[in-house]
Amino acid sequence: MTQPIDSLDEELKRLLQEATETLAGAKEAAEIEALRVRYLGRKGILNRYFPLLGAEGRPAEERVRLGQRLNAFKQKLEQEIFERRQALKGQAGGAPHSEDLTLPGHPTAVGRLHPITRTIDEILSIFRSLGFSPVEGPEGETEYYNFDALNIPPEHPSRQSFDNFYLKVPPSEKGRWLLRSHTSPMQIHFMEANTPPFQILVPGRVFRRDAVDASHCFQFHQVEGLAVGLNLHFGDLKGVLVAWARGMFGPEARLRFRPHYFPFTEPSAEADLACIFCRGKGCRVCGQKGWLEILGCGMVHPAVFKAVGYPPGTVGFAFGMGVERIAMLKHGIEDIRLFFENDLRFLQQFP
Ligand code: DAH
C-alpha cells in the first residue's frame with residue numbers, strides 16, 4: 001500500500017517547518033550541526049524518503065513530483081543552515097564576510113640605533129681590533145676623580161674650563177659631587193682596581209657648563225682610551241691613533257700631532273685629521289686650515305700614576321675624543337643640537 005502523494009507532500013512541508021523552527025532557536029554551531037545530521041545526514045530523515053521513489057505502483061509523474069519535493073527540501077534546508085551559521089558567526093565578531101585578507105597589514109615601527117650610539121660602536125670596534133676593551137664609568141663624579149687625581153688641583157686654571165654642574169647632595173670624603181666633565185675620571189677608577197698591563201676604552205656621556213649653539217651643548221659623548229705598561233712610548237700612541245683614523249675615515253686618512261697642554265698627560269698633543277672634505281687644501285669645513293682638530297692625547301703624567309699608587313717609572317698613553325664631532329664630520333652634519341632633539345626626520349636618515 002503506497003502512501004498517497006498528497007499526504008507525503010504534507011508530511012515533507014511539516015518536517016521542513018519543524019526543522020526551520022529548530023534552526024531558528026539554535027544558539028551554537030554544534031546545535032546546527034546536530035540538526036543537519038538529523039535531517040540531511042546519511043542516515044537522516046530525508047534519506048528515508050528516497051526509497052519511496054522506486055516503490056512499486058507509484059505513477060511516473062508522482063515519482064517525478066516526489067523527487068522534486070525531496071530535492072527542494074534538501075536545498076532549502078541547506079540554505080537555511082548556511083544562513084544560520086553566518087548569522088551566529090556575525091554575532092561572535094564582526095559582520096559576515098568582514099575580513100578582507102587582501103588588505104595590507106598594520107606596519108610595525110622598527111627601532112634603530114641612534115647615530116651617536118652607532119658612531120661609538122664603530123669607534124670601539126676599531127680599537128677592539130687593536131686590543132682595547134671597553135669599560136664604563138659613572139656620570140656623577142666627585143671633585144677628586146674629576147679633577148685632583150687627574151693632576152688638576154683646586155688652584156689650577158684648567159679647573160675652570162672643566163668646571164661643571166654640582167649636585168645638591170652631601171659631599172663625600174672625595175669632595176663635592178658633580179656631573180663628570182670628561183670620561184678621564186674612569187682612568188682613575190680603573191687603575192685603582194687593576195694592575196697593568198691593560199688597554200681600555202671608556203665610552204660615555206659627559207657634561208659641560210656650555211651655552212648651546214651649533215657646535216656646543218651641555219651634554220655630549222666621549223670615548224677615552226688608556227694603555228698602561230709594556231714599555232709604551234709616544235710612537236705606540238701615534239701608531240694606534242693612525243690605525244684607528246684609517247679604520248674610521250678610510251685608508252687615505254692622515255693625522256698630525258700638534259703639541260698641546262693637558263694636566264693629566266706629559267707630553268700632550270692634539271691630533272688633527274687632514275680635512276676629509278678638501279683633502280688638506282682648505283675649505284669651509286676646516287676653516288681653510290686643511291686640518292680638523294679631532295682628539296687630545298699624550299703620555300700619562302707621572303702625577304696621575306702616583307695618585308693611584310702605581311710605582312715610579314710606570315708608562316702609558318691616553319687619548320680622548322668627542323663622539324658628536326666625529327659623527328658630524330663623518331656624516332656632514334652641521335648642528336650638534338640635531339643629535340639631542342629627537343626629530344625623526346633627522347634620525348631616520350641613518351638606516
Ligand atoms: N679629557 C679631555 C677633555 O675632555 C680629553 C683628553 C685629552 C683625554 C687628552 C685624554 C687625554 O685621556 O690624554 O678635553
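- No more than 12 heavy atoms of other residues, nucleotides or ligands lie within 6.0 Å of CG in Asn231, so this atom counts as exposed by the packing criterion.
- Under a 3.5 Å cut-off, the side chain of Lys27 and the backbone N or O of Gly25 do form a donor-acceptor pair.
- The main-chain N or O of Thr183 is found under 3.5 Å from a side-chain atom of Gln222 such that the two form a donor-acceptor pair.
- The shortest heavy-atom contact between Cys275 and Cys283 is SG-SG, 3.7 Å.
- No donor-acceptor pair closer than 3.5 Å links the side chain of Thr117 to the backbone N or O of Leu113.
- Using cut-offs of 30° and 60° for the angle between ring planes, the Phe350 and Phe346 rings count as perpendicular.
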- Task: Decide yes or no on side-chain contact (heavy atoms from CB on, under 4.5 Å) for Leu338 and Asp335, but give the supporting numbers first.
- Result: CA-CA 6 Å; Leu338 287 166; Asp335 196 320; 4.3 Å; yes
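- In this structure, Arg325 does not pair ionically with Glu293, as no charged nitrogen and carboxylate oxygen lie closer than 4.0 Å.
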- Task: Step by step, work out the side-chain contact (heavy atoms from CB on, under 4.5 Å) result for Tyr166 and Glu143.
- Result: CA-CA 10 Å; Tyr166 286 83; Glu143 291 172 292; 3.9 Å; yes
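- Distance CG/Leu103 to CG/Asp100: 4.0 Å, rounded to 0.5 Å.
- Between Trp244 and Phe127, the distance from one ring center to the other falls under 6.0 angstrom.
- Note on Leu237: it does not cluster hydrophobically with Phe198, by side-chain heavy-atom contacts below 4.5 Å among ILVMFWY residues.
- For Gln349 (side chain) and Arg345 (main-chain N/O), a donor-acceptor pair under 3.5 Å exists by modelled atom type.
- Judged as a side chain to side chain donor-acceptor pair (under 3.5 Å), and not counting sequence neighbours, the contacts of Asp272 are Arg256, Arg258.
- Heavy-atom minimum distance, Thr142 versus Gly175: CG2-O, 4.0 Å.
- Separating the CG atom in Asn71 from the CZ atom in Phe50 is a distance of 5.5 Å, to the nearest 0.5 Å.
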- Message: Quick one, Leu77 with Leu40, criterion side-chain contact (heavy atoms from CB on, under 4.5 Å). Give me CA distance, side-chain angles, the key distance, then yes/no.
- Response: CA-CA 8 Å; Leu77 192 53; Leu40 305 178; 3.9 Å; yes
- Task: Take Glu31 and Arg84 through the test salt bridge (charged side-chain N to carboxylate O under 4.0 Å, His left out) and record every step on the way to the result.
- Result: CA-CA 11 Å; Glu31 282 177 64; Arg84 186 73 196 131; over 6 Å; no
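- Taking the centre of each ring, Phe220 and His182 stay at or above the 6.0 Å mark.
- Phe319 and Leu150 are not part of a single hydrophobic cluster, where members link through side-chain heavy atoms under 4.5 Å apart.
- Nearest heavy-atom pair across Gly316 and Leu232 is CA-CD1, 4.3 Å.
- In summary, Lys76 and Glu80 engage in a salt bridge, as defined by a charged side-chain N under 4.0 Å from a carboxylate O.
- In this structure, Met299 is not a member of the same hydrophobic cluster as Phe262, with clusters built from ILVMFWY side-chain heavy atoms closer than 4.5 Å.
- Using a cut-off of 4.0 Å between Lys/Arg side-chain N and Asp/Glu carboxylate O, Arg279 and Glu252 are scored as salt-bridged.
- The shortest non-hydrogen separation linking Pro263 to Asn151 is O-ND2, 2.9 Å.
- Note on Phe190 and Leu130: separate hydrophobic clusters, where clusters join Ile, Leu, Val, Met, Phe, Trp and Tyr whose side-chain heavy atoms are under 4.5 Å apart, directly or indirectly.
- At a threshold of 4.5 Å between non-hydrogen side-chain atoms, the residues Ile152 and Phe264 count as touching.
- Proximity of Met321 to Ile326: side-chain heavy atoms (C-beta onward) are separated by under 4.5 Å at one or more points.
- The line from CD of Glu18 to NZ of Lys13 is 15.5 Å long, rounded to the nearest 0.5 Å.
- The CZ atom of Phe162 sits 15.5 Å away from atom CZ of Phe207, with the distance rounded to the nearest 0.5 Å.
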- Residue pair Tyr310, Glu192: steps toward the side chain to side chain donor-acceptor pair (under 3.5 Å) verdict: CA-CA 9 Å; Tyr310 281 4; Glu192 281 178 345; over 6 Å; no
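- Among all heavy-atom pairs drawn from Tyr261 and Ser158, the shortest one is CE2-OG, 4.1 Å.
- The pair Arg159-Asp148 counts as a salt bridge, with a side-chain nitrogen and a carboxylate oxygen less than 4.0 angstrom apart.
- Between Arg65 and Glu62 there is no salt bridge, since no side-chain nitrogen of the basic residue lies less than 4.0 Å from a carboxylate oxygen of the acidic one.
- Judged by distance alone, with hydrogens and angles left aside, the side-chain atoms of His114 form a donor-acceptor pair with the main-chain N or O of Phe339 at under 3.5 Å.
- With respect to Arg85 and Glu28, no salt bridge is recorded, no charged nitrogen being found less than 4.0 Å from a carboxylate O.
- In this structure, the side chain of Arg176 does not engage the main chain of Leu167 through any donor-acceptor pair within 3.5 Å.
- Follow the hydrophobic side-chain contacts under 4.5 Å out from Leu329 and you reach Ile336 in the same cluster.
- Between Phe277 and Cys286 the shortest side-chain heavy-atom distance does not fall below 4.5 Å.
- At a threshold of 4.0 Å, the pair Glu11-Arg69 does not count as salt-bridged, since none of the basic side-chain nitrogens sits closer than that to a carboxylate oxygen.
- When the shell of 6.0 Å around CZ of Arg254 is examined, it contains 12 or fewer heavy atoms from other residues, nucleotides or ligands.
- Between Phe249 and Leu273, the closest side-chain pair of non-hydrogen atoms falls below 4.5 Å.
- Proximity of a side-chain donor or acceptor of Asp236 to a complementary backbone N or O of His233 within less than 3.5 Å is detected.
- Taking OH from Tyr49 and CG from Leu15, the interatomic distance works out to 4.5 Å, rounded to the nearest 0.5 Å.
- Listed here is the closest heavy atom pair of Leu292 and Ile276: CD1-N, 3.9 Å.
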- Walk me through it: do Asp163 and Ser181 pass the test side chain to side chain donor-acceptor pair (under 3.5 Å)? CA-CA 7 Å; Asp163 207 11; Ser181 22; over 6 Å; no
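- Taken to the nearest 0.5 Å, the CE atom of Met248 stands 13.0 Å off from the CG atom of Leu241.
- Ring centers of Phe165 and Phe218: at least 6.0 Å apart, outside the cut-off.
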- Query: Can you check side-chain contact (heavy atoms from CB on, under 4.5 Å) on Arg337 and Val212, steps first, answer last?
  - Reply: CA-CA 8 Å; Arg337 288 170 287 201; Val212 177; 3.5 Å; yes
- Message: Checking Gln75 against Gln79 for the side chain to side chain donor-acceptor pair (under 3.5 Å) test, could you report, in this order, the C-alpha distance in whole Å, the side-chain angles of both residues, the deciding distance, and whether it holds?
- Response: CA-CA 6 Å; Gln75 271 174 22; Gln79 178 64 29; over 6 Å; no
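- Enclosure of atom CD in Glu136 is not indicated, since only 12 or fewer non-hydrogen atoms of other residues, nucleotides or ligands lie within 6.0 angstrom.
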- Task: Dump the intermediate steps for salt bridge (charged side-chain N to carboxylate O under 4.0 Å, His left out) on Glu141 and Lys174, then the final yes or no.
- Result: CA-CA 9 Å; Glu141 275 295 358; Lys174 302 274 192 188; over 6 Å; no
